[in-house]
Amino acid sequence: MLDIKNLCLRADSFQVDQISFCVPSGGCHALVGSTGSGKTLVLETIAGLRKAQSGSICWFDRDITALPPEQKNLAYVPQDLALFPHMTVRENIEYGLRIQKKLSSGKHAEIDQLARSLGITSLLERSIKNLSGGERQRTALARALAPGNKLLLLDEPFSALHEAMRKELWLLLKTLQQQYGITILIVTHDMEEAFFLADSVTFIARGSVVQSGDKMQVYRYPHNVEAAKFFGVQNLFSGKITDISADKIELFCSCLENVLHAANNSTDQLQKEATVTVGIRSEHIILELELTKDVRDEYLGANQLICTIKNIYQNRNSKIILLQPIGRTEPEFILEADILVDQFGHAIDLVVGQEVSILLPEEQLFLFVD
Amino acid sequence: MRLKQFCLVAAFATFLLYFVLTVSLAYFFSGARFWEVLLSERMIFSIQLSVFVATVAMGLAMLLAIPTAYALSRYDFFGKTLVDTVLELPMIVSPAAIGAMLLIFFNTPLGEWIQNNIQQFVFTVYGIVLAQFITVIGVAVRMVKAALDEISPRYEAVARTLGASSFTAFRTTTLPLCRHGIFAAAILTWSKAIGEFGATITVAGTMAMRTETLPVAVYMRLAISDIEGAVASICVLLLIGFSVLYIARLIVKRGTYARY
């Protein structure tokens, strides 16, 4: 098990504070966060390429915090891969074993097996210069895994690849993880990558851990606005609590000029009159009906709004719809809804300028204390 | 005038400047005198001495330049800017001034002690090596640093995570990757050393068959109005200089791994 406790480090004026998380043996943990959040610094410190100011890094109860990189026995793949350009693919893969003087005939067979697993057997005698992006990734993985280390640190290794290749390598990485019993710590800002590969995630912002835990728990229950934004809560607006009961919270949202009801499942201590940030994922907004002038003045239920469609963007399997609530006071306030296209590729017929009724389901609203 | 035309004219004018200077040697060139001077014992001594001291000075300079350049390229340390600035000394102070500074140093108690107990430098071949070394070390560091800066430190970082010590990581990744740059730096350092005059003459003087390097030979022949002899010496110097520079250009042209 990889156990990081209260890790602190500094790089120029940037400070990373009190980072703690655990990666169980054979598991995959993702360090996620925006660019410049400090996640790469944490990974480099674990790899021994930077010095920790305080805290501890333990790998199977062995404190490796102060050890130089060559004594940590871990595998590391940086973002730029750093394949040695003056060596062939085979020489790159064998580098670790050759340096450690462990390159025996048995190891040659293991390397051939590893190359087969990664599908690069035919490339072994090729120069690094002539490899494609995917082949370079596979070579970098093979080089990191060849010495037999069981902890693999990956720093956004697939960010430069196109989607199909990236997904192919995700599957390959999962297979390798099972085949070789590797524990993986991956740094990424790609949510899809983190959720595909990892069992648990740690969200870092401005050098501090915001939230850490099971990936679905973190996704479903972001702790604050920053985490909510990162984990895909696109619609965030302010509201004031007007009433609280055991299971329900009533809020007035000036930007909507409307009262909303939210389920009272927030972990924050919410109080009446408190200002909160309300959030809802775009895929949770429900388009209810197409409005006509006749029904416009009819009664609208709780959490229902009438909006004008400002723009429609076609996604691969959904439509992103930008909605402007009618009667709102903030001129630029826009809600974003994500409407799934059905299996035949059809979605509801919508046009820009059309007025629609939307529902913000109360159980899907997030409330964050400001 | 377009930028391209302006630049091409400037390039041609620069070439013409050196070309006219070189061709003007032909006015005083005498084939018979050239061979006579070239095959003379004094000229052969000058060539041997020049090649020997320049090679030793270059070797010493590179030995010190590689770790110095590595420190400047890879690490942040207290006084880095100061060290970096002081390395420009040979470029901002004339070689004669550097020679004078060396002479002044050897007249201090420490310098005198070194002269008396370790090695006599003033008016000796050792003095020539020292003068050339001091003159070229700054250039050597600059060039090696430029070569190292082109190589990503990430190679060494990855090599270390694969089990290599810091020195092994440098030896097996950065060093082979910038070998062309280091070799080119060595050749250019050598060519600067072989053409060095001001510091050499100040420290080692003008003693025929003792401290007479090729540039000193040119000066000594001019001093006695032996123009044809001076031209012959200049031709030898040009031949050696251009040969090594041409080799350096070929090496640099073969490219580096910086783009990876």
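Order of the sequence lines fixes the chain letters, A, B, ..., with proteins taken first and strands second; residue numbering starts at 1 for each chain. None of the values given here were measured: they were computed from a predicted structure.
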How about [range] versus chain B: which residues have heavy atoms under 4.5 Å apart?
range: residues 137-147 of chain A; answer: A/Arg143, A/Ala144, A/Pro147
range: residues 67-74 of chain A; answer: A/Pro68, A/Pro69, A/Glu70, A/Leu74
range: residues 23-38 of chain A; answer: none

Counting only heavy atoms not in [X], do more than 12 fall under 6.0 Å of its [atom1]?
X: A/Asn130; atom1: CG; value: yes
X: B/Phe197; atom1: CZ; value: yes
X: B/Phe183; atom1: CZ; value: no
X: B/Tyr18; atom1: OH; value: no
X: A/Arg98; atom1: CZ; value: yes
X: A/Phe14; atom1: CZ; value: yes
X: A/Phe60; atom1: CZ; value: yes
X: A/Lys150; atom1: NZ; value: yes

Starting at [atom1] of [X], measure out to [atom2] of [Y] and round the result to the nearest 0.5 Å.
X: B/Arg154; Y: A/Leu49; atom1: CZ; atom2: CG; value: 7.0 Å
X: B/Thr174; Y: A/Phe84; atom1: OG1; atom2: CZ; value: 9.0 Å
X: A/Asp80; Y: B/Tyr155; atom1: CG; atom2: OH; value: 7.5 Å
X: B/Thr161; Y: A/Ile46; atom1: OG1; atom2: CD1; value: 13.5 Å
X: A/Met87; Y: B/Leu177; atom1: CE; atom2: CG; value: 8.0 Å

If you look at every heavy atom in B/Thr168 and A/Ile99, which pair is closest and at what distance?
->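 Closest pair (atom of B/Thr168, atom of A/Ile99, distance): CG2-CD1, 3.5 Å.
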
Is there side-chain contact between B/Thr172 and A/Tyr95, with heavy atoms separated by less than 4.5 Å?
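Yes, side chains in contact.
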
Ranked by heavy-atom pairs below 4.5 Å to chain A, first place among B/Ser166, B/Ser165, B/Ala164, B/Ala157 goes to B/Ala164

Listed by number, the residues in residues 136-148 of chain B that come under 4.5 Å of chain A (heavy atom to heavy atom) are none

